[in-house]
Asks: 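For reference, the structure I am asking about is given below.
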Amino acid sequence: MAPNDSAETTGEATGTVVGRRKAARYIVPVAVAGVAAATIGLVPALASPGDPDLPKISAQELIERIAASDEEQLSGTFKISTDLGLPLDGLAGSLVPGGAGGDKDGGAAAPQDKLMELTSGTHTLRVAADGPERQKLSILGDASEYSLIHNQGEVWAYDSKSDEVYHAEAPEGRDGSHAEKAPKAPEGAPATPKDFAEQALAAAGDTTSVTVDGTAQVAGRDAYQLLIKPKQSGSTIGSVRIAVDAENGVPLKFTLSAASGGKAVVDAGFTKVDFSRPAASTFDFTPPKGAKVTEADELETGKDERGAMQKALPGQLAELDGLADEGGFNVIGEGWTSIAEIKSPGGKGLPEAGSGDMPAEAQGFLDALGDKVTGKFGSGTVFKTRLVNALLTDDGSVYVGAVTKDALVRAADAAAK
């Protein structure tokens with residue numbers, strides 16, 4: 001087999017289930033946890049030797065090696081580039097109070113704000129981890145640095161640009177440690193290639209081709225390349241490629257490519273990595289003199305605008321639960337081409353332009369993204385990114401998924417019958 005050839009893996013699940021490992025709780029994860037090989041139909045598929053020359057391995061063996069990885073100490077630098085095809089910086093400047101990167105009441109150092117910046121553009125990060133009690137993640141700017149530090153019972157975040165500090169305390173768990181109850185980074189926020197790999201593998205099923213596709217060198221380390229591709233047509237996702245450290249099973253690089261081609265939608269990989277224990281001083285932090293310090297409980301109790309929004313969030317989630325209970329939420333299809341159908345209780349679509357219900361900047365942004373469509377369902381607007389598309393019908397129904405515009409229209413037509 002040529003170095004770049006791959007053998008598709010098909011067949012029934014083997015029943016091998018890899019248990020969840022404790023390292024998945026980390027702010028900077030150091031193990032892929034909860035990967036069930038039973039969710040991926042696999043038979044042995046051997047990787048061909050490449051450069052570097054590594055022993056042959058099957059796709060299932062490689063997935064098991066990822067799940068079994070228990071590296072608890074590491075430090076390194078990695079780059080993440082995200083290109084969804086959205087002008088997110090401009091949108092943030094128009095819609096977020098204070099503008100993109102502007103002053104925000106409650107502390108610009110709050111992790112919920114800063115880590116969401118990683119969803120667009122290219123960023124360089126430094127990471128360090130020493131077991132479940134100590135982790136650090138730093139986002140490096142041109143002339144600034146943002147650091148998020150978990151050191152035993154405390155979490156600190158510092159934004160050198162605004163000279164603001166966020167602080168939270170982690171209560172002790174039943175085992176006497178702080179790892180279980182330590183404040184976490186926002187759910188879904190990217191941290192390392194491991195985060196992306198875990199999500200991709202958890203989503204794989206019998207609609208998926210999983211193969212070993214050669215070898216590579218990442219950050220000076222030998223790695224196998226795991227290739228995940230949808231078998232179905234109609235998905236906007238072309239492939240997911242994960243470079244896995246040949247020695248310890250740690251994902252070193254993650255690349256998600258769109259079916260339409262072009263630049264990768266997400267490309268996250270280490271440029272330097274060391275699996276020895278970082279110095280204890282790496283996780284020390286003292287607020288600089290004169291820095292503004294915001295305590296976590298100030299945000300949680302609604303003492304500023306962000307706190308008020310956080311308090312309102314449970315009510316919004318309750319409304320979504322109510323939609324599901326009333327049959328307002330439905331999943332159409334399966335696998336890579338599944339589409340979420342959401343019925344609006346009020347039966348209302350987008351506000352009319354100039355109605356005053358939507359800022360002009362937001363209206364212009366949506367108009368630039370949207371394509372008007374018609375079908376048996378009536379009429380509506382499809383909002384496009386390189387990965388996720390959404391159809392909002394004029395009667396307020398929403399169809400969203402990592403699928404093409406035509407797939408959304410077909411789903412809405414079928415629901416209208």
Side-chain angles (χ1 to χ4, degrees), residues 17-36 61-78 80 111 115 125-139 147-157 168-187 189-202 218-224 226 242-254 268-285:
V17 179
V18 181
R20 183 171 298 277
R21 306 188 69 87
K22 62 182 180 181
R25 300 194 301 260
Y26 301 174
I27 292 175
V28 182
V30 291
V32 174
V35 179
E61 288 170 338
L62 186 54
I63 290 172
E64 291 173 348
R65 186 172 296 186
I66 295 172
S69 173
D70 59 358
E71 294 291 334
E72 295 195 355
Q73 289 85 34
L74 68 82
S75 59
T77 304
F78 72 94
I80 174 172
L115 294 183
L125 298 90
R126 281 200 300 260
V127 296
D130 183 11
E133 295 274 358
R134 297 179 179 86
Q135 304 90 34
K136 180 177 181 179
L137 182 149
S138 298
I139 305 172
S147 292
L148 177 61
I149 304 158
H150 170 216
N151 190 353
Q152 294 184 316
E154 295 185 292
V155 170
W156 293 96
E169 293 186 0
E172 288 189 2
R174 285 175 295 182
D175 61 356
S177 73
H178 304 88
E180 185 69 33
K181 295 188 177 182
K184 304 296 191 297
E187 188 72 20
T192 72
K194 287 183 171 63
D195 291 325
F196 296 107
E198 181 181 15
Q199 293 176 17
L201 290 172
V218 178
R221 296 185 65 88
D222 294 348
Y224 294 103
L226 190 68
I242 304 169
V244 182
D245 192 292
E247 180 180 346
N248 57 30
V250 172
L252 300 173
K253 186 176 175 64
F254 175 98
F270 282 100
T271 57
K272 181 180 180 181
V273 66
D274 183 349
F275 291 102
S276 59
R277 172 171 287 173
S281 60
T282 302
F283 310 101
D284 293 339
F285 180 79

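For clarity, every value in this text was computed on a predicted model and none was experimentally measured.
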Asks: May I have the list of side-chain donor-acceptor pairs in residues 277-284 shorter than 3.5 Å, sequence neighbours left out?
Replies:
| residue | atom | partner | partner atom | Å |
| --- | --- | --- | --- | --- |
| R277 | NE | D130 | OD1 | 3.1 |
| T282 | OG1 | A279 | O | 2.9 |

Asks: Quick one: closest heavy-atom pair of G131 and Q73, and the distance?
Replies: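 Looking at all heavy atoms of both residues, the closest pair is N-NE2, 4.1 Å.
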
Asks: With sequence neighbours left out, write down each residue that passes side chain to side chain contact (heavy atoms under 4.5 Å, CB included) with V218, or none if nothing qualifies.
Replies: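 If we apply the side chain to side chain contact (heavy atoms under 4.5 Å, CB included) test to V218, skipping adjacent residues, the hits are A243, L252, K253.
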
Asks: State, to 0.1 Å, how close E72 and P132 come at their nearest heavy-atom pair, and which atoms those are.
Replies: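 Residues E72 and P132, closest heavy atoms: OE1-CD, 4.2 Å.
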
Asks: Spell out, as yes or no, whether a donor-acceptor pair under 3.5 Å connects the side chain of R65 to the backbone of A246.
Replies: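 Here the side-chain-to-backbone pair exists.
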
Asks: Which atoms form the tightest heavy-atom contact between A157 and L148, and what is the distance?
Replies: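 So the two residues come closest at CB-CD1, 4.0 Å.
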
Asks: Checking R126 now: which residues fulfil side chain to side chain contact (heavy atoms under 4.5 Å, CB included) with it, not counting sequence neighbours?
Replies: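 Residues passing side chain to side chain contact (heavy atoms under 4.5 Å, CB included) with R126: T77, S138, L140, E145.
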
Asks: Can you tell me how far apart CG (N248) and OG (S69) are? Round to the nearest 0.5 Å.
Replies: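 Rounded to the nearest 0.5 Å, the CG-OG separation comes to 5.5 Å.
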
Asks: How many angstroms lie between atom CG of L74 and atom CD of Q135, to the nearest 0.5 angstrom?
Replies: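 Answer for the CG-CD pair, L74 versus Q135, is 10.0 Å.
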
Asks: Any non-hydrogen side-chain atom of V127 less than 4.5 Å from a side-chain atom of F78?
Replies: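 Touching, per the 4.5 Å side-chain cut-off.
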
Asks: With a 4.5 Å heavy-atom cut-off, do F275 and R221 have their side chains touching?
Replies: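 Touching, per the 4.5 Å side-chain cut-off.
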
Asks: Once rounded to the nearest 0.5 Å, what's the spacing between atom CZ of R134 and atom NE2 of H150?
Replies: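 With rounding to 0.5 Å, CZ (R134) is 9.0 Å from NE2 (H150).
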
